[in-house]
Amino acid sequence: MKTTTIRLYSLDYGNVKTYFAAALFILGNLALPQLCHLIPQGGLTLLPIYFFTLIAAYKYGWKVGLLTAVFSPVLNHLLFGMPAAGVLPAILLKSALLAVAAGYIANRSKHVSVPMLALVVLAYQLTGTLGEWVMLGNFTLAFQDFRIGIPGMVLQVLGGYLFIKYLVYK
């Protein structure tokens, strides 16, 4: 059985590749939510705004991930009105937590696996839910993403693994 390794990067803000990579992932985060919103409740259940943020941060480091995490929801809001202004702070919090968690785990582990990505997704969702609870003062509303978004979290873990491992292999 052949073992393959993947390259994980940690790009800096002074590197042009950082902004180019972030721009590509932001474009993905603009297109994917639009496709998911064609499905009834697709945005709530599939959590598409986080997909390319996970890949960006895990593959290219937390700095690319953070650029993707901040600009994706803001541009989606400005261009398409989604996410709505009321939930934008919570989504920005979760996106930033995702970028930091994915970048940290990738840097520490130096490899990609389904359990590692599941750890990243659970970390940002649980921490983000607590942060959203503090912001809203309502646990039920804060827990909604976690409860309804399980299919999206599975998609992030499995899709992210396949994307990182096979599509951006080198």
Side-chain angles (χ1 to χ4, degrees), residues 6 8-13 18-19 21-33 35-36 42-77 82-84 87-136 141-165 167-168:
I6 64 166
L8 300 175
Y9 302 92
S10 184
L11 300 177
D12 289 321
Y13 287 130
T18 301
Y19 300 98
L24 291 176
F25 289 115
I26 291 166
L27 287 174
N29 270 348
L30 289 173
L32 187 59
L35 292 172
C36 289
L44 291 174
T45 57
L46 299 176
L47 306 173
I49 196 70
Y50 305 114
F51 185 75
F52 286 105
T53 302
L54 170 65
I55 296 165
Y58 206 95
K59 179 71 178 172
Y60 294 102
W62 69 269
K63 292 174 184 173
V64 173
L66 197 56
L67 288 170
T68 306
V70 171
F71 284 103
S72 295
V74 170
L75 288 174
N76 267 295
H77 172 74
M82 292 299 286
V87 296
L88 190 57
I91 289 177
L92 284 167
L93 171 66
K94 288 181 181 179
S95 291
L97 289 169
L98 171 58
V100 171
Y104 177 78
I105 295 291
N107 188 41
R108 297 285 294 168
S109 70
K110 306 287 189 224
H111 75 283
V112 63
S113 67
V114 170
M116 287 294 186
L117 291 176
L119 177 66
V120 168
V121 169
L122 284 175
Y124 96 82
Q125 276 291 338
L126 292 174
T127 309
T129 297
L130 292 175
E132 191 172 0
W133 182 17
V134 169
M135 280 190 245
L136 300 175
L141 200 54
F143 193 65
Q144 172 179 283
D145 259 11
F146 194 87
R147 186 177 52 83
I148 296 172
I150 291 173
M153 289 182 262
V154 171
L155 177 67
Q156 288 169 35
V157 171
L158 298 179
Y161 175 78
L162 292 172
F163 201 93
I164 294 166
K165 184 89 175 180
L167 296 179
V168 288

Kindly list each side-chain donor-acceptor pair under 3.5 angstrom involving residues 63-70, sequence neighbours excluded, with atom names and distances?
residue, atom, partner, partner atom, Å
Lys63, NZ, Asp12, OD1, 3.0
Thr68, OG1, Val64, O, 2.8

For residues 151-159, run the donor-acceptor check on the side chains, cut-off 3.5 Å, and write out each pair with its distance to 0.1 Å, sequence neighbours left out.
residue, atom, partner, partner atom, Å
Gln156, OE1, Tyr124, OH, 2.9
Gln156, NE2, Tyr124, OH, 3.2

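In this structure, OG1 on Thr127 lies 10.0 Å from CG on Leu122, to the nearest 0.5 angstrom. Expressed to the nearest 0.5 Å, how far CZ of Phe71 lies from OH of Tyr19 amounts to 9.0 Å. The CD1 atom of Ile105 lies 11.5 Å from the CG atom of Leu54; values are rounded to the nearest 0.5 Å. In this structure, CD on Glu132 lies 9.0 Å from CD on Gln125, to the nearest 0.5 angstrom. Here Asn29 contributes atom CG and Asn76 contributes atom CG; the two are 7.0 Å apart, rounded to the nearest 0.5 Å. Leu30 CG to Leu35 CG: the interatomic distance, rounded to the nearest 0.5 Å, is 11.5 Å.
For the pair Pro83 and His77, the tightest heavy-atom approach, listed with the atom from each and the gap, is O-ND1, 2.7 Å. Considering every non-hydrogen atom in both Leu136 and Ala142, the closest pair reads CD1-N, 4.3 Å. The minimum heavy-atom distance linking Ser95 with Tyr50 is given by the pair OG-CE2, 3.4 Å. Of all non-hydrogen atoms in Leu92 and Pro73, the two that sit nearest each other are CD2-CG, 3.9 Å.
Identified under the salt bridge (charged side-chain N to carboxylate O under 4.0 Å, His left out) test for residues 42-55, with sequence neighbours left out: none. Applying the side chain to side chain donor-acceptor pair (under 3.5 Å) test to every pair with at least one member in residues 144-154, sequence neighbours left out, gives these pairs: Lys94-Asp145. Residue pairs meeting the salt bridge (charged side-chain N to carboxylate O under 4.0 Å, His left out) criterion with at least one partner in residues 111-120, sequence neighbours excluded, do not occur; the list is empty.
Every side-chain contact (heavy atoms from CB on, under 4.5 Å) that Leu93 has, sequence neighbours left out, goes to Leu97, Met135. Taking the side-chain contact (heavy atoms from CB on, under 4.5 Å) definition, one finds that Leu32 meets it with Cys36, Pro48, Phe51, Phe52, sequence neighbours left out. Phe146 meets the ring pair (Phe, Tyr, Trp, His ring centres under 6.0 Å) test with Phe143; sequence neighbours excluded.
Between Thr18 and Tyr60, every side-chain heavy-atom pair lies at or beyond the 4.5 Å cut-off.
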